[in-house]
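One structure is given here, and the rest of the page talks about it.
Each chain gets a letter, A, B and so on, in the order the sequences are listed, and its residues count up from 1.
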Amino acid sequence: MNLNRRNFLNAAATAAVALPFIKIGQTSAYAKEFHGFPFQFTPFTRELPIPQPLGGTPLSPAPGTPAASVGSEAVFHGIAPEFSPSHPTHRPDWDVHTLKTHTLEMRKAVHEYVPGVYTECFTYNGLVPGPLIRARFGQPMVVRTTNNLDVETSVHLHGGHGPAHSDGHPVFYVMPGMTRDYYYPHIVPRVSPGGAFDFSESPSTMWYHDHGNDVTGHNVAHGLAGMCKFTDPLEENLMSTNVLPDADGPYDVPLVLQDQALNADGSIFYDPLDHDGRLGNLFIANGIVQPKFTVERRKYRFRLLDGATARFMTLRLSNGQPFLQLGNDSWLLPNAVWRPEITLSMAKRADVIIDFTNAPDELYLENIMQQTSGRGPDGIDRTKPIRLVKFVVTGTRPTNDVTVTGGTPLRPNIPIRDSEITARRSFRFERSNGAWVINGDFYSPFRADAVPQLNQAEEWTLENKSGGWMHPIHMHLEAHQIVQYTGKFRADVWLNRKSDTAILEDNGKVRLRMKFRTFSGPFSFHCHNNEHEDMRMMKNFDPRPAGQPSVLNGRFWNVPQEISGIPLSVVRRNPELFH
Amino acid sequence: MSNQISLQFPDVTVQNHRGETRKFRTDYVTGRRVLIGFIYCQCDGICPTTTKHMARIHQVLRERKLDFQFVSITVTPHQDTVRDLHDYAEIYEQHRWKNWDFVRCSPEDLKPLRYALGAYDPNPAIDGDYRQHSGLLTFGNDRTNRWSALPAGMNADELAFTVLRITRDAAKLKDYLQS
């Protein structure tokens with residue numbers, strides 16, 4: 001039986017009385033076919049919501065005090081030891097600005113993805129997507145994060161350079177009912193140990209999302225994701241000289257693109273036993289299905305994120321005008337570059353300018369990547385665009401529009417040279433009896449799969465031998481630089497530039513270089529198809545000074561509680577909770 | 001609750017290694033903590049590991065005095081008889097547990113059951129070859145509606161602890177520690 005999309009939607013509508021619903025035993029392109037109830041709605045009627053910055057909140061007890069340390073009543077999971085100014089890693093030049101403090105609560109809240117359809121989501125502070133985190137270089141931040149859900153969570157700042165305690169390691173949980181102080185120093189790596197900060201490494205567009213062991217797909221699909229804007233003096237200078245729009249103004253817009261699948265009653269459809277990768281039939285931008293965005297006739301910066309759990313996207317504008325790409329993943333490119341189409345995998349970002357100056361009164365942001373299976377996309381079909389956002393262009397041209405254009409210098413990129421490479425490693429990603437192995441191993445949260453020497457550079461080769469599957473591999477802690485890419489996607493903006501997520505195509509291969517600076521781990525790298533990640537397609541690395549062993553040596557109770565944030569007395573008594 | 005995961009499991013009739021007839025969802029899943037694996041009696045690939053690791057998990061859960069159900073489903077019901085399943089269970093010395101059934105269903109029911117439990121491969125050539133069958137353990141707690149699956153070949157103690165975490169009744173840490 002050949003199921004085209006319309007037939008499938010009709011079939012799903014007919015059968016939607018029994019939910020969740022899986023048509024079983026039919027011959028079709030994919031194994032589990034219910035991708036969401038086909039709601040009827042008029043698209044492009046609701047205005048695009050813009051995530052607003054998380055406001056500051058004083059914290060009591062103060063972070064880092066005994067009343068807020070590991071095991072305490074107020075902050076059970078404590079704070080990273082690097083928060084202390086006396087910690088050897090913490091240098092006086094970290095704290096350029098005074099500490100900013102925030103609270104973040106993970107809780108259930110009702111959200112309206114589809115007009116008139118009320119969906120209970122997992123939220124940060126009641127919002128889908130979560131509030132915008134506004135970060136500045138040298139302004140330390142503590143986010144006091146409480147989990148009022150019934151499931152373990154772990155918050156990962158994707159693209160961040162921070163301590164292991166606050167990196168969202170899969171088992172460094174925020175347990176239900178408990179609180180963790182996430183400490184983000186908002187610094188960048190140094191040119192050399194003890195040397196100056198390397199501002200070529202300053203991020204611009206990060207995002208945060210759940211990373212809990214075995215539940216990442218579930219938690220992200222239920223709503224746990226948000227954006228983070230970061231500026232440093234270099235980028236602030238681009239803004240104050242009118243090259244780029246002000247990060248805090250109306251012309252710099254985070255745009256979280258996701259798919260979603262709902263049951264007929266509006267509840268989120270998530271099948272935890274669909275291990276291919278979850279696809280949905282609703283196309284969501286900043287938390288609502290197919291919105292419109294009324295814009296002025298000028299240049300806007302959009303920080304595009306593919307925040308789906310398993311869907312690839314190739315983005316274009318309906319009138320054929322190109323994007324001006326400013327950044328890839330977390331980092332600005334050396335120069336702005338015109339791109340007619342941009343392909344994103346899950347977790348990848350494209351920072352772009354869309355110039356509405358000469359645009360028609362109406363145009364659409366479209367996805368032309370077709371995908372019917374969680375295994376990976378089917379390919380680009382330019383005759384079947386999926387409209388994601390409608391832009392309604394109003395007003396007259398401004399006299400003081402930003403000046404960025406093709407070739408404008410943005411952020412220098414310093415290639416990692418051959419002579420800097422001190423170690424080479426290879427990782428083979430393969431399928432094994434319905435699960436995933438990397439170099440033949442299943443993931444253990446307590447095993448260090450690589451212990452790079454701190455402050456050295458390495459070259460890693462990632463190879464996908466899994467036959468028919470695609471895997472975007474995300475490396476925590478630092479940018480990597482892709483020096484060789486084997487695959488079909490256009491790779492020129494990735495090659496020799498900074499990325500944090502490298503796409504491993506079917507039978508693809510990526511050779512990348514990465515430095516491991518400032519922080520010892522553990523950190524992880526993993527497939528960002530969240531369902532593959534939850535099937536433990538993941539490994540740990542733990543940068544250490546030469547000769548120092550990793551804290552991961554097979555037993556959780558050997559990880560110091562200051563690093564894990566899990567009190568050792570509880571780990572020893574109830575180890576089952578932290579696996 | 002409309003998204004009760006167990007409702008996707010077909011309530012097919014199965015025979016266990018004691019020759020008894022059971023309804024899969026009604027007798028093994030509804031309202032319970034359950035772990036399901038896939039084997040076949042002639043398997044010399046993943047099955048011995050799957051069964052040994054299930055035995056270890058069974059022991060850990062037993063020691064906790066928890067109510068739970070284990071089910072090992074043969075992927076070759078066309079050739080594995082009740083007697084074969086009993087012999088298989090006996091080899092691993094797991095035939096005596098009332099809450100661990102080694103079962104066969106009708107060959108027609110097997111595919112829907114496998115798919116619902118996440119034990120399939122989207123590549124038809126792999127999915128149709130029982131020698132390459134899924135090496136996943138699927139487990140959950142129908143009371144909390146929380147389900148997951150992990151590779152049976154993982155470290156057995158880590159598997160057991162993960163099963164305990166995911167299938168626990170009390171979600172909140174304080175409630176769990178007091179229970």
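Of the atoms belonging to A:Met178, it is side-chain heavy atoms, and not backbone ones, that fall under 4.5 Å from chain B. Proximity to chain B (any heavy atom under 4.5 Å) is shown, for A:Asn213, by both the backbone and the side chain. Neither the backbone nor the side chain of B:Arg114 comes within less than 4.5 Å of any heavy atom of chain A. Within the 4.5 angstrom heavy-atom criterion, only side-chain atoms of A:Asn574, from C-beta onward, approach chain B. Looking at A:Phe76, the atoms closer than 4.5 Å to chain B (heavy atoms on both sides) all sit in the side chain, from C-beta outward. With a 4.5 angstrom heavy-atom cutoff, A:Val215 touches chain B only via side-chain atoms.
Contacts of residues 134-141 of chain B with chain A at a heavy-atom distance below 4.5 Å involve B:Ser134, B:Gly135, B:Leu136, B:Thr138, listed in sequence order. Contacts with chain A (heavy atom to heavy atom, under 4.5 Å) involve these residues of residues 152-177 of chain B, listed by number: B:Gly153, B:Met154, B:Glu158, B:Phe161, B:Thr162, B:Leu164, B:Arg165, B:Ile166, B:Arg168, B:Ala171, B:Lys172, B:Leu173, B:Lys174, B:Tyr176, B:Leu177.
The structure places CG of B:Asn123 at 10.5 Å from OG of A:Ser373, a figure rounded to the nearest 0.5 Å. Considering CD1 of B:Ile46 and CG of A:Asn433, their distance stands at 4.5 Å, rounded to 0.5 Å. Rounding to the nearest 0.5 Å places OH of B:Tyr120 at 8.5 Å from CG of A:Leu273.
Within a 6.0 Å radius of CG in B:Asp44, other residues, nucleotides and ligands contribute 12 heavy atoms or fewer. Other residues, nucleotides and ligands place no more than 12 heavy atoms under 6.0 Å from the CD atom of B:Gln42. Residue-environment remark: CZ (B:Arg96) exceeds the threshold of 12 foreign heavy atoms within 6.0 Å. Heavy-atom contacts from other residues, nucleotides or ligands closer than 6.0 Å to CZ of B:Arg83 number 12 or fewer.
Put simply, of A:His275, A:Met175, A:Arg573, the one with the most heavy-atom pairs under 4.5 Å next to chain B is A:His275. The residue among A:Phe578, A:Trp436, A:Phe446 with the most heavy atom pairs within less than 4.5 Å of chain B is A:Phe446.
Checked for salt-bridge contact, B:Asp121 and A:Arg431 meet the test: a charged N lies under 4.0 Å from a carboxylate O.
Among residues two or more places apart in sequence or in another chain, the side-chain hydrogen bond (donor to acceptor under 3.5 Å, both in side chains) test is passed with A:Thr119 by none. Every residue two or more places apart in sequence or in another chain that forms a side-chain hydrogen bond (donor to acceptor under 3.5 Å, both in side chains) with B:Glu63 is listed here: B:Gln59.
Nearest heavy-atom pair across B:Ser148 and A:Asp214 is OG-CB, 4.1 Å.
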